[in-house]
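Beneath this line is the structure, given in structure tokens, with notes to follow.
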Amino acid sequence: MELLTKRIHTSQRNCRSDIQLTLEDDINVPDSKPDIEHIIKVQGEIQIQEAVTETDRAIVRGQLVFSLLYLSDADFRQVHTMSGQIPFEESINMEGALPEKEMHCHYDLEDCQSSLINSRKISIRAILSLHCCQDTEESVSVGTGIVTDDAIEAEMGEMVAPDGVQQQFEPMSITTMVMQKKDIFRIKDETSLPKGKPNCESLLYYELSTQGLTTRMVEDGLRITGDLLVFVLYAPEDDDRNLEYFETELPFDGIVSCNGCSEDMIADVTITPGKKILEFRDDEDGEERILDVELSLHLDIKFYEEERFEYLKDAYSTACELQLIRDKSNAKRLLVKNQSSLRISDRIKIDADREGILQICNATGAIRIDDQKIVEDGIEIEGVVELDILYITEDDMRPLSVIKGSIPFHHTIEVRGISDSDDYELQTDINSINVIMLDREEIEAKLVLNLCVLVFAECCNDVITAIVEVPMDMARFQEMPGLVGYIVQDGDSLWNIAKTYHTTMDCIRSLNHMEQDTLKRGDKLLLLKQTEGVL
């Protein structure tokens, strides 16, 4: 006889490390830029250039790229911008890390601030959280049935079990990672200044971001849709006005090629903004009114597939002694993929000594998760959205300013059946921000947050990996009574009774005229020893 097997592959977490870094440096103002009188706003982005794995450690190299918007009193154009980089290299202790395995590194830029040292020097300080992990793939052969040697040799369509062999099956549901890839999705588009806006003389500052990002599996690809938010601050040709801004939304829809994937697969996609480019160019009349925009999104994609099959839980033979060799199958099962939206709002007080607001230009935000934990039937998260609201002031000497606000939130993501031992991945982003000025003292902010969580439950099964056929102990077999009267005890099952008394479930059902397999304490059964296949 032979054991049919199915090889299942699982991905196990080999090691993980979460650390927090402080990046800071003093940066000189380039000679081509005027002196800084007042800092309006700084935005920072992290670029991971390399993550190298060595024995028991990882080395992460990258840089903080910042852009500073500031005021100067050196010339007619008060608003200026400058940019720079702060490189970093961090060695992270990761016990068990293997050099031949890829290291996955994600990050959160917790904070980025700037301060003025003097008119020609600034200090940049940022807090960076790095999350590095390494997974290893494991595989195990799971028994799915016992068949005759002849059936294997003949490759019969219907595998026949040997005489006397009894088999017990149970369903198994696992989720396996079938593919993992990194890719770049580039958004390229163009737009033009509205007719009411003056021509551009020089670009001062811009921001490119996405909102409403959605991903969906298609045949041989991953479809990505959303809106590209464009905000531009520029100096117009019109001498009567020294500052102008423009914002718009550009929808995008594209497919990342993923050969071998299908619509039935489940994708876990981590999207990180990368290189941003915005440039003005001349239109047909030779006026700078066309904006070319490009945003690169770095994708880290894991493709999962659900498998359902029956595995061999137990077996015995009435014709011989059957030794079962067992092992543990530590697989994962996708418990749920939950995508939800959370609406939050709050009012932000305006300081009395702040420059008056003439017009709100732009609002950006960042989500900070302060605490997350598994609770009954869900994942509880607490955090805050930190807002930067850029506005045009009533003061011509300081035409731009920023109001900062924090909106706390508390939410429980529903995940029925989740337990403390389950593993989950949480992703958050801001879908939309809407700010309006209520009066000179308050601004109302309304936001929609996207929350996506994948929860994996540990699926640990005792599986049969091999069988050994041993001749029956005839002396012991002959000592067993041919007919036994048995009274059912707590915990008994039809299978266990049949296995213990060298009979079959079919024989017990037939002999006792049973219509179902349910047993209860005190039931009386007749058991007949089976001799099928015994020589």
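All residue numbers in this chain count up from 1 along the given sequence.
For the atom pair His80 NE2 and Leu68 CG, the distance stands at 12.0 Å (nearest 0.5 Å). Here the OG atom belonging to Ser209 is positioned 9.5 Å from the CD atom belonging to Gln43, to the nearest 0.5 angstrom. Atoms CD1 and OG1, on Ile187 and Thr210 in that order, are 6.5 Å from each other to the nearest 0.5 Å. Met82 CE to Ser72 OG: the interatomic distance, rounded to the nearest 0.5 Å, is 12.5 Å.
Within a 6.0 Å sphere centred on NZ of Lys275, heavy atoms belonging to other residues, nucleotides or ligands number 12 at most. Residue Arg223 qualifies as open at atom CZ: its count of foreign heavy atoms under 6.0 Å is 12 or below. Atom CD of Glu95 has 12 or fewer heavy atoms from other residues, nucleotides or ligands within 6.0 Å. Heavy atoms of other residues, nucleotides or ligands lying less than 6.0 angstrom from CD of Glu137 number 12 at most. For Gln20, the CD atom sits in a packed shell: over 12 heavy atoms of surrounding residues, nucleotides or ligands are nearer than 6.0 Å.
You'll find the side chain of Ile348 stays beyond 4.5 Å of the side chain of Glu442, heavy atoms only. Annotation: side chain of Phe303 is not in contact with side chain of Asp268 (no heavy-atom distance under 4.5 Å). Side chains of Ser345 and Ile407 form no contact here, defined as non-hydrogen atoms less than 4.5 Å apart. With contacts defined as side-chain heavy-atom distances shorter than 4.5 Å, the pair Thr225/Phe252 does not qualify. In this structure the side chain of Val269 reaches within 4.5 angstrom of the side chain of Leu222, judged on heavy atoms. Side-chain contact between Phe66 and Glu45 is absent, with no heavy atoms from C-beta onward closer than 4.5 Å. Between Leu233 and Val79 the shortest side-chain heavy-atom distance falls below 4.5 Å. Annotation: side chain of Val29 is not in contact with side chain of Asp35 (no heavy-atom distance under 4.5 Å).
Classification of Glu244 and Lys197 as a salt-bridged pair holds, one side-chain N sitting under 4.0 Å from a carboxylate O. Between Glu441 and Arg347 there is no salt bridge, since no side-chain nitrogen of the basic residue lies less than 4.0 Å from a carboxylate oxygen of the acidic one. A salt bridge between Lys182 and Glu102 is present, with a side-chain N of the basic residue lying under 4.0 Å from a carboxylate O of the acidic one. Note on Glu414 versus Arg416: salt bridge recorded, some NZ/NE/NH1/NH2 to OD/OE distance being below 4.0 Å.
Of the candidates Leu130, Asn93, Val60, Ile19 forms a side-chain contact (heavy atoms from CB on, under 4.5 Å) with just one, namely Leu130. Just one of Gln134, Lys302, Arg16, Gln180 meets the side-chain hydrogen bond (donor to acceptor under 3.5 Å, both in side chains) condition when paired with His104; it is Gln180.
A donor-acceptor pair under 3.5 Å is formed between the side chain of Arg354 and the backbone N or O of Val402. Judged by distance alone, the side chain of Asp220 and the main-chain N or O of Gly260 form a donor-acceptor pair under 3.5 Å. Checked by atom type and distance alone, the side chain of Lys373 never pairs as donor or acceptor with a backbone atom of Glu380 at under 3.5 Å. Without hydrogens or angle criteria, Asn431 side chain to Gly212 main chain gives a donor-acceptor distance under 3.5 Å. Side chain of Tyr304 to main chain of Ala267: no donor-acceptor pair is present (N/O by atom type, distance under 3.5 Å, no hydrogens or angles). Checking side-chain atoms of Lys33 against main-chain N and O of Thr81 turns up a donor-acceptor pair under 3.5 Å. For Ser192 (side chain) and Ile290 (main-chain N/O), no donor-acceptor pair under 3.5 Å exists by modelled atom type. Using modelled atom types, one side-chain atom of Arg120 and one backbone atom of Pro30 make a donor-acceptor pair closer than 3.5 Å.
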Report task. Applying side-chain hydrogen bond (donor to acceptor under 3.5 Å, both in side chains), run through Gln372 and Tyr424 and close with a yes or a no. Result -> CA-CA 11 Å; Gln372 52 183 304; Tyr424 70 89; 3.1 Å; yes
Query raised in the report: Is there a ring-ring contact (aromatic ring centres under 6.0 Å, His included) between Tyr234 and Phe246 once you walk through the steps?
Result: CA-CA 8 Å; Tyr234 68 95; Phe246 168 63; 8.1 Å; no
Requested in this report: Decide side-chain hydrogen bond (donor to acceptor under 3.5 Å, both in side chains) for Gln63 and Gln85; before the verdict, give the C-alpha distance in whole Å, the side-chain angles of both, and the deciding distance to 0.1 Å.
Outcome: CA-CA 6 Å; Gln63 62 181 3; Gln85 304 85 31; 5.6 Å; no
Report task. Could you walk me through whether Asp183 and His298 pass the side-chain hydrogen bond (donor to acceptor under 3.5 Å, both in side chains) test, one step at a time? Result -> CA-CA 6 Å; Asp183 212 324; His298 294 267; over 6 Å; no
Query - side-chain hydrogen bond (donor to acceptor under 3.5 Å, both in side chains) assessment of Ser67 paired with Ser83 - result: CA-CA 4 Å; Ser67 178; Ser83 58; 5.9 Å; no
Residues 381-394, side-chain donor-acceptor partners within the protein, below 3.5 Å, at least two apart:
{"unit_1": "Asp388", "atom_1": "OD1", "unit_2": "Lys404", "atom_2": "NZ", "d": "2.9"}
{"unit_1": "Asp388", "atom_1": "OD2", "unit_2": "Lys404", "atom_2": "NZ", "d": "3.4"}
{"unit_1": "Tyr391", "atom_1": "OH", "unit_2": "Glu355", "atom_2": "O", "d": "3.1"}
{"unit_1": "Thr393", "atom_1": "OG1", "unit_2": "Asp395", "atom_2": "N", "d": "3.1"}
{"unit_1": "Thr393", "atom_1": "OG1", "unit_2": "Asp395", "atom_2": "O", "d": "3.1"}
{"unit_1": "Thr393", "atom_1": "OG1", "unit_2": "Arg398", "atom_2": "O", "d": "2.4"}
{"unit_1": "Glu394", "atom_1": "OE1", "unit_2": "Arg440", "atom_2": "NH2", "d": "3.4"}
{"unit_1": "Glu394", "atom_1": "OE2", "unit_2": "Arg440", "atom_2": "NH1", "d": "3.2"}

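In plain terms, the two heavy atoms of Ile27 and Ile86 that are nearest each other are CD1-CG1, 4.5 Å. Between Ile433 and Thr364, the shortest heavy-atom contact is CD1-C, 3.9 Å. Heavy atoms only, all atoms of each residue included: Phe409 and Ile344 are closest at CB-CG2, 3.8 Å. In terms of heavy atoms, Asn14 sits closest to Gly96 at ND2-O, 2.8 Å. Across all their heavy atoms, Ile418 and Gly378 have their closest contact at CG2-N, 3.5 Å.
Contacts classified as salt bridge (charged side-chain N to carboxylate O under 4.0 Å, His left out) and involving residues 47-56 (residues at least two apart or in different chains) are given here: Glu50-Arg61, Glu54-Arg57. For residues 331-344, there are no side-chain hydrogen bond (donor to acceptor under 3.5 Å, both in side chains) pairs, not counting sequence neighbours.
Side-chain atoms of Asp111 and Gln113 include a donor-acceptor pair closer than 3.5 Å. In this structure, a donor-acceptor pair under 3.5 Å is absent between the side chains of Asn461 and Glu170. Asn450 and Asp429 form a side-chain donor-acceptor contact under 3.5 Å, judged by distance and modelled atom types alone.
Shown here are the side chain to side chain donor-acceptor pair (under 3.5 Å) partners of Glu444, two or more places apart in sequence or in another chain: there are none. Considering only residues two or more places apart in sequence or on other chains, Glu110 meets the side chain to side chain donor-acceptor pair (under 3.5 Å) condition with Ser129. Every residue was checked against the side chain to side chain donor-acceptor pair (under 3.5 Å) condition with Glu288, not counting sequence neighbours, and none meets it.
Using a 30° and 60° split on the angle between ring planes, Tyr205 and Phe231 fall in the perpendicular class, above 60°.
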